[in-house]
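Worksheet for the structure shown next.
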Amino acid sequence: MLYSLLLTLTALAPIAMTTPSAKVAPPAPYGALPSRRQLDHAKLETYAFLHFTTNTFTDREWGNGDEHETVFHPTDFDPDQIVLALKSAGMKGAILTAKHHDGFCLWPTATTKHNVSRSGWMGGNGDVVKAISEACHRHGLLFGVYLSPWDRNNPAYGKPEYVDIYRHQLKELMTQYGPLFEIWHDGANGGTGYYGGAREDRSIDRRTYYGWPTTWKMVRDLQPGANVFSDIGPDLRWVGNEEGYAGETSWATYDPIGEKDDQPAPGYLKSNLSPEGTPHGTQWLPAECDVSIRPGWFWHEAENGRVKTSEQLFDLYCKSVGRGASFLLNVPPNRKGQIDVPDVASLRTFGKAVQETFRTNLASGAKVIASNVRGGSRAYSGTQLLSTQPSRFWATDDAVTSASAELDLGEPKSFDLIRVREPIALGQRVESFGVDALLNGEWSEIAHATTIGNCRILRLDRPVTTRKVRIHVDKSPASPLLYDFGLYLQGPGAR
Ligand code: FUL
């Protein structure tokens with residue numbers, strides 16, 4: 001009797017020892033921190049690219065700039081069908097190629113005649129940017145634009161006047177279509193083109209020509225909530241590949257370096273450093289992983305049989321979102337102006353796979369005992385590891401930078417995926433951690449990784465069945481902060 005009372009008291013001890021939160025100072029922020037707009041963006045996880053222009057009709061990836069406007073003629077354009085297909089995959093926004101390298105503008109711009117109003121489509125009254133932005137807003141998705149700096153149609157490309165034209169185009173997009181969640185500047189710059197008939201090779205100085213700081217200042221003034229993407233930010237960085245995955249080690253902090261160890265610029269950097277970022281770097285510049293659901297960025301009939309499967313998309317989701325980055329999946333509309341049948345099917349199955357997988361956290365309700373709790377306070381107790389709110393997390397004392405927390409699930413549970421997050425508003429910290437399971441009375445490590453950041457997903461080769469699990473942080477420069485720990489069993493369509 002006395003023995004069992006002692007056991008109960010011991011089990012209760014960590015809870016009994018906790019004190020109300022008010023007395024314990026919160027952990028100080030660590031290192032580079034995200035802005036409000038970056039924090040908002042980090043919640044989106046998955047969103048779409050829509051590559052759609054004359055290339056869709058000419059079967060090309062890069063138009064030369066000499067395509068006649070009438071080439072663009074979707075036969076059954078349906079912006080709702082497009083946006084609903086994206087929504088079925090759980091996507092939170094869409095970024096449309098308002099202008100690709102060929103220079104054809106999908107909105108009736110005042111800056112060039114090379115635009116949709118001269119295509120004859122919809123009697124010259126069509127505006128793809130308007131239609132897609134409105135469909136996004138109707139169905140609860142955010143809207144963003146891709147505006148290619150390289151313009152193979154414009155006669156002024158390469159001269160200072162073109163930079164004014166580009167800024168004017170951006171201004172039209174920023175003032176006529178409501179709030180933009182993201183503005184995408186591509187790094188492909190200069191080369192051969194039509195250039196108003198000159199048909200020549202034009203190269204520019206990628207470091208200086210576009211005057212990016214001035215353009216980005218304009219974006220801040222006109223669209224303060226928009227995240228600006230380029231190879232080097234200022235809000236989101238290119239991940240350094242177009243395959244859709246971030247580094248196994250992935251820092252949201254990044255200090256890009258120019259090709260000659262000098263000042264970097266879009267299209268001018270050592271991009272081999274981009275997948276991992278800079279450990280404890282000085283700028284918060286999280287990676288965005290862009291990839292197409294098909295081999296090409298634009299729709300090609302010949303690629304209808306090569307659409308990525310739900311399992312492939314889920315794998316990329318785990319290697320982008322699950323490595324603290326975001327997942328920008330391109331889904332190109334076809335010549336009808338709709339998402340094609342195989343793409344719709346993959347998107348829907350992928351969306352269900354994510355939903356099913358994360359529906360039930362098998363760790364929820366677990367009893368958690370942590371090796372250290374900040375100030376012994378209930379506000380930072382091991383139980384906060386299961387919180388789903390970034391404002392509530394498990395934290396250790398400042399002097400404790402490696403720690404563990406043990407979870408008793410109450411009964412054996414089977415899982416094959418682990419997820420955990422750091423509250424990034426306080427910076428990214430953890431450099432090494434692992435998860436153990438109690439198997440046949442012994443602790444064995446079932447997963448090990450380096451960084452966590454906004455979200456870390458660890459997939460196991462096969463399901464593990466256990467009643468007790470332990471997470472251990474081995475290396476962190478400051479007290480580790482963790483929340484949203486979860487154990488999941490992957491649903492149909494995930495693997
Ligand atoms: C690249 C472009 O050249 C491709 O056509 C595509 O738009 C991709 C997202 O970015 O750099």
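Counting starts at 1 for both ligands and their atoms, following the listed order. Throughout, numbering of the chain's residues begins at 1 and tracks the sequence. Predicted model, so just to flag it, every value in this text is computed and none were measured.
Every atom of ligand 1 is numbered from 1 in the order shown, and the set under 4.0 Å from a heavy atom of F49 is 9 (C). When each atom of ligand 1 is checked for a heavy atom of E242 under 4.0 Å away, the hits are 1 (C), 8 (C), 10 (O), 11 (O). Residue H51 approaches ligand 1 through these ligand atoms, each under 4.0 Å from one of its heavy atoms: 6 (C), 7 (O), 9 (C).
The aromatic ring centres of F72 and F77 sit 6.0 Å or more apart. With ring centers used as reference points, H73 lies under 6.0 Å from F57. The ring of F49 has its center closer than 6.0 angstrom to the ring center of H51.
Where the criterion is an N or O separation shorter than 3.5 Å, residue side chain and backbone included, H101 meets it with respect to ligand 1. Of the polar atoms of H100, at least one N or O is found under 3.5 Å from an N or O of ligand 1, judged by distance alone. At a 3.5 angstrom cut-off on N or O pairs, W62 counts as close to ligand 1. Backbone and side-chain nitrogen or oxygen atoms of W297 are examined, and none is located within less than 3.5 angstrom of a nitrogen or oxygen of ligand 1.
Ion pairing between a basic and an acidic side chain is recognised when a charged N comes within 4.0 Å of a carboxylate O; R459 and D315 show such pairing. Salt-bridge check for K130 with E172: failed, with every basic side-chain N at 4.0 Å or more from each acidic carboxylate O.
The option with the heavy atom closest to atom 11 (O) of ligand 1, from among N189, I95, D186, is D186.
Residue H185 forms a ring pair (Phe, Tyr, Trp, His ring centres under 6.0 Å) with just one option from W212, Y146, Y210, and that option is W212.
Remark: distances from the non-hydrogen atoms of F298 to ligand 1 are all 4.0 Å or more.
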Salt bridge (Lys or Arg N to Asp or Glu O under 4.0 Å) between R237 and D231: does it pass, once the steps are laid out?
-> CA-CA 5 Å; R237 75 172 193 262; D231 290 343; over 6 Å; no

